[in-house]
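First comes the structure, then the notes that go with it.
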Amino acid sequence: MELVLEKVNKLKGNISVPGDKSISHRSLILGSIAQGETRIYNFLDSLDCLKTLECMQALGAEIDLGKNDSIKIKGKGLYGLQEAKDILDVGNSGTTIRLLTGLLSGQNFYSVLNGDSSIKRRPMKRVVEPLRSMRADIWGRENGQLTPLSIKGVRLNPLRYTLPVASAQVKSALLLAGLYATGETVIKEPLATRDHTERMLEIMQADIKIFPPEIKIKGGKELTGTDIFIPGDISSAAYFIVAASILKGSQIIINQVGVNSTRTGIIEILKKMGAKIDILNYRIKSNEPQADLKIEYSDLKGIEIGKEEIPLLIDELPLIAVVASQAQGKTVVSGAKELRVKETDRIKAIVSELKEMGVDIKEKEDGFIVEGPSRLKGAVCESYNDHRIAMSLAVAALLAEGKTVIKNSECIDISFPGFEKTLQKLINF
Ligand code: S3P
């Protein structure tokens, strides 16, 4: 599929975005191993989350998609999952494979995990290595660095571990394994990453203590099912936050967006660049903060973004390159090497496509440098089958003279089915 877009005047109106992807994955996994019922509201019905759903069902979870707006899970308890009859296919979803590797290491059965061509290239050693030091029996290509991963569940030892890469997926995999360990697991994260797993474990009454930068979890304690209200995904809202900030005359409201401080890096950075973003009606639901966001066009200036800030806006970095192309002066992103091992090499991808569109952007080993502002021109762009690259380019297309074609745009459904429709609503207001 191709997404074809042209220059627009401004964005106006009021929208919501679909539920948070990270929280949706976690709600399925934790709901399935809790005791009692979990009801999930505003679940993200996207390809990635459906892969987690299918994997959990293959492991015997009782998940009822229902006819109304909620998903009902009849929890099996910590030890109620069963061996799947086939390979568990995670599709394109890094979160699914990393979290399930942790979960499955402590089961009393055998599992095999595999995914698409992107997953087959992504690093797994970061989860396999610490799990092996808990006694996990995991095998994979190149000594467990790459999928397929084959896991023979065992009784796990607890772990004391400092994360060498800032990764919420690794942290979450270890917390899930920690639920099954014979004692207390302590994880230290030198840089804060998204903390949805910890927050959900807390409301499900795990034996967890959160003292940043350390998290302690004791194994063996059953979780209790609960209602989970998932806020809109700030990573999806980000495309419209940025578009409204750089299109003259825009003013939009995005309702019910998750504003957990481990995810709001995009708002903080845009504000530092001069963006006008108001956080309205701040409230907490299911242990997660949410708010309505009001965004107005504003003149922006370039900024330096360094290592500490990266995990707080990791998925929004391709979009930062787009904003920077409209800001006055230089924007430098450093310490973002992780972008090279996402669904695609996001540094290479965004630099090459934005160059085509007329942006003054240079690749760095650990980020990029943009000199703004630039006049953008329409181009035929590759999405590299990466949803975040496709949507970031779509935002750039709204400012570009002429037509922009984004190839293989079906990948957008990985995280944001309905993206184009929501965008059209703001264009045609
Ligand atoms: C995610 C964590 C991040 C993020 C990904 C979702 C999660 O990955 O990029 O989109 O749900 O835990 P890393 O943990 O690899 O940084």
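Worth knowing before you read on, the calculation uses all heavy atoms, side chains too, and leaves out hydrogens, waters and symmetry mates. It should be emphasised that the depicted structure is a prediction, and the values quoted were computed from it without experimental measurement. Whatever order the structure lists ligands and atoms in, that order sets their numbers, starting from 1.
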For S172, is at least one N or O under 3.5 Å away from an N or O on ligand 1?
no

Please list all pairs passing the salt bridge (Lys or Arg N to Asp or Glu O under 4.0 Å) test where one or both residues lie in residues 170-183, with sequence neighbours left out.
K171-E189, K171-E198

Identify all side-chain donor-acceptor contacts of residues 209-217 below 3.5 Å with residues at least two apart in sequence or on another chain.
none

One finds that the ligand 1 atoms under 4.0 Å from a non-hydrogen atom of T95 are 1 (C), 6 (C), 7 (C), 11 (O)

Does a side-chain N-to-carboxylate-O contact under 4.0 Å join R194 and D20?
no

I314: numbered ligand 1 atoms lying under 4.0 Å from its heavy atoms:
9 (O)

Heteroatom distance test (D315, ligand 1): nitrogen or oxygen, under 3.5 angstrom:
yes

Show your reasoning for whether side-chain hydrogen bond (donor to acceptor under 3.5 Å, both in side chains) applies to S150 and Y110.
CA-CA 8 Å; S150 149; Y110 173 70; 3.1 Å; yes

Quick one, M357 and T404 - any side-chain contact, counting heavy atoms below 4.5 Å?
yes

Just by distance, no angles: are the side chains of H387 and S415 close enough, under 3.5 Å, to form a donor-acceptor pair?
yes

What I want to know is whether R126 and ligand 1 share at least one N or O pair that is separated by under 3.5 angstrom.
no

Give a yes or no on whether R132 atom CZ has more than 12 heavy-atom contacts from other residues, nucleotides or ligands under 6.0 Å away.
yes

Tell me which part of R194 gets within contact of ligand 1: side chain, backbone, both or neither, using heavy atoms under 4.0 Å.
side chain

Nearest-neighbour protein heavy atom for atom 12 (O) of ligand 1, which is reported as residue plus atom name and distance:
R26 NH2, 2.6 Å

Which residue and atom name correspond to the protein heavy atom nearest atom 1 (C) of ligand 1, and how close is it?
Q169 NE2, 3.6 Å

Relative to atom 13 (P) of ligand 1, which among R98, E338, K342 owns the nearest non-hydrogen atom?
K342

A168 N/O to ligand 1 N/O under 3.5 Å
yes

